[in-house]
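Whatever order the structure lists them in is the order used to number ligands and atoms, beginning at 1. Just so it is clear, the model here is predicted, and its values are computed rather than measured.
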Amino acid sequence: MANDASAVFDTLSPAVSRGSLADSFTPPADSTLWRKNFLLGAATASYQIEGAVNEDGRLPSIWDTFSAIPGKVLAGDTGAVACDHYHRWEADVEMLASLGLEGYRLSIAWPRVMDAAGAPNRKGLDFYKRLLNRLKEKGITTFVTLYHWDLPQHLEDRGGWLNRDTAYRFADYADLMSRELAGTVDAWATLNEPWCSAYLGYGNGHHAPGLANDRFATQAMHHLLLAHGLAMPVLRANDPASEKGIVANIGRGTPNSDSAADQRAAHLFEVQHNAWILDPLLKGSYPQDLFELWPGTEPLVLDGDMQTISAPLDFLGINYYFRTNVASDGAHGFRDVPLEGVERTQMGWEVYPDGLRDLLTGFKKTYHNLPPIYITENGMASDDQVTDGHVEDTQRISFLKRHLAAVDQAIKAGVDIRGYFLWSLMDNFEWAFGYERRFGVVHVDYSTQKRTIKRSAELVEKFLKERKARA
Ligand code: IFM
């Protein structure tokens, strides 16, 4: 596509843009983001914010185990306290509502709500009931993810996602949750980012449970997707009024040169990051190119699995962060070739809004049955500091504007995108990077748990107020 999303707003580097952007978050008059039914919200996840890991009968999760192993998480951080949201949820909901955010995407900690025998843990369940009821009282649309990586450790002890039985245990968990919480959830997502659970958890070991084997990754992915597929009809039966879907992180891979080998490398990158998940969900088969990249890693698939996995979705959640420039590795794969002189975030990730637009418009062409889309995560980490009670997160403001412009362009190109969630509502436990990386639009001082609204959140609030006030 000729139009460059960055050009719609600005292409200023963070240093140059400081100050000048601070008051200009508002989208152009012809932006689809002015539509009142375009949902704007923020997202979090249980292990990243809740803390209270030993309270009210919560069982250990794989992230409690993993983060306790020296060297696995930066600075030895763990989610034991995190943002203490388990105790501060009321103030956090007030804060969300005061920002005028219309939607909140949260996840349920499986080990908090079910014991090892599959019986409900009432205290844990009550926490989510209180939270969801309060959100509904505030008029906030609720998106609930059932699995955002905190697998109960007792299931990992029996093989975790390498064990097919875990998919059936997940369906039991989905059954309990949807029976208990029906009426308070507007949209259920079965899984968050199965790519991360399968590849980072079982393929390269950067995430819990820390195993590193490509064959494990493909089998774990199959069981994750099977879990999703088994849960969908259960959610439909128990809570017919809500929407049901799944959330995938997607990656843009661009070739380092025009050579056929580099083009192929970029294609394989996107197969590994996108088609590995989207093909089974939307086409009912795994992309064969994946097994060119990882020969001999075909998962064990039983009769009927692919039909279960590819049942229709009400929505697809898309999480997007950056692109990766790749070249051929000289064999059957790709290698990263980081570009020089490009804008990057605290994570080192390249800021590349066009990737979001191009992937979305590409998916529309590739998948004739592409469901309505919500951008369920987008945002960036920066080393934000509180100065005189304020946080000027200028790069984030620019980042969000440019990515929202990319969303607007994709909508105008015909992609059905219904909402956008900022990642994240507040700074939190960024997995293997601990608390150093700050993704929030609200700053958290972890020594006092004080929340400070960042400038980006103020500007989102201003825009939402303007939009509401419009006739
Ligand atoms: O913090 C994570 C989140 O849990 C899943 N998506 C990516 C975010 C940033 O890394």
Side-chain angles (χ1 to χ4, degrees), residues 41-51 61-64 66-67 72-74 77-79 82-83 85 104-110 143-151 189-201 203-204 206-209 224 245-252 273-274 277 316-324 344-353 355-356 359 373-384 393 395-396 399-400 403 420-444 446 456:
T44 61
S46 46
Y47 191 71
Q48 293 181 272
I49 65 165
E50 285 178 1
S61 83
I62 55 173
W63 271 93
D64 297 302
F66 187 74
S67 58
K72 295 294 185 192
V73 175
L74 201 64
D77 290 339
T78 76
C83 305
H85 173 74
Y104 182 48
R105 174 174 176 248
L106 63 105
S107 79
I108 293 175
W110 186 352
F143 272 57
V144 172
T145 306
L146 285 167
Y147 184 70
H148 197 125
W149 310 352
D150 37 3
L151 186 73
T190 51
L191 308 176
N192 178 69
E193 301 184 353
W195 184 89
C196 294
S197 302
Y199 186 64
L200 302 180
N204 73 9
H206 291 179
H207 279 187
L224 281 152
I246 185 170
V247 171
N249 57 310
I250 56 166
R252 183 65 169 153
H273 284 77
N274 309 329
I277 299 95
L316 175 65
I318 289 290
N319 297 351
Y320 174 79
Y321 288 93
F322 61 98
R323 73 129 162 214
T324 309
R344 293 188 182 276
T345 70
Q346 190 192 15
M347 296 295 283
W349 295 346
E350 183 186 346
V351 179
Y352 191 68
L356 175 58
L359 286 168
I373 286 182
Y374 289 89
I375 306 303
T376 33
E377 286 181 25
N378 178 236
M380 58 159 282
S382 49
D383 183 18
D384 301 318
D393 53 338
Q395 191 188 6
R396 179 172 295 103
F399 179 103
L400 296 177
H403 284 78
Y420 174 101
F421 291 82
L422 301 157
W423 184 269
S424 175
L425 173 63
M426 56 187 150
D427 296 338
N428 57 49
F429 177 77
E430 176 52 26
W431 308 111
F433 295 96
Y435 296 102
E436 194 202 76
R437 310 291 160 96
R438 294 182 174 273
F439 274 92
V441 293
V442 173
H443 181 278
V444 176
Y446 295 108
S456 55

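On a distance-only criterion, Trp149 and ligand 1 share no N/O pair closer than 3.5 Å. At least one N or O atom of His148, backbone or side chain, sits closer than 3.5 Å to an N or O atom of ligand 1. Where the criterion is an N or O separation shorter than 3.5 Å, residue side chain and backbone included, Asn428 fails it with respect to ligand 1.
Counting heavy atoms under 4.0 Å from ligand 1, residue Gln48 touches it through the side chain alone.
In this structure, Tyr321 counts as a contact residue of ligand 1, since one of its heavy atoms falls inside 4.0 Å of the ligand.
No side-chain donor-acceptor contact under 3.5 Å links Ser107 and Tyr47. Using modelled atom types and a 3.5 Å distance limit, the side chains of Asn192 and Thr145 yield no donor-acceptor pair. In the model, Tyr420 has a side-chain atom that pairs as donor or acceptor with a side-chain atom of Asn378 under 3.5 Å. Asp393 and Ser382 share no side-chain donor-acceptor pair at under 3.5 Å.
For Arg105 and Phe421, the positive end is not near the middle of the six-membered ring at less than 6.0 Å and at most 45° from its axis.
Note on ring orientation: taking the six-membered ring where Trp is involved, the planes of Tyr199 and Trp195 are tilted (angle from 30° to 60°).
The atoms of ligand 1 that sit less than 4.0 Å from any heavy atom of Trp349 are 10 (O). Taking a cut-off of under 4.0 Å to the non-hydrogen atoms of Glu193, the atoms of ligand 1 that pass are 5 (C), 6 (N), 7 (C). Residue Phe439 approaches ligand 1 through these ligand atoms, each under 4.0 Å from one of its heavy atoms: 9 (C), 10 (O).
For atom 1 (O) of ligand 1, the nearest protein heavy atom (residue, atom name, distance) is Glu430 OE1, 2.6 Å. Glu377 OE1, 2.5 Å is the protein heavy atom nearest to atom 6 (N) of ligand 1.
Tyr435 places a side-chain N or O within 3.5 Å of a backbone atom of Thr78 that can act as its donor or acceptor partner.
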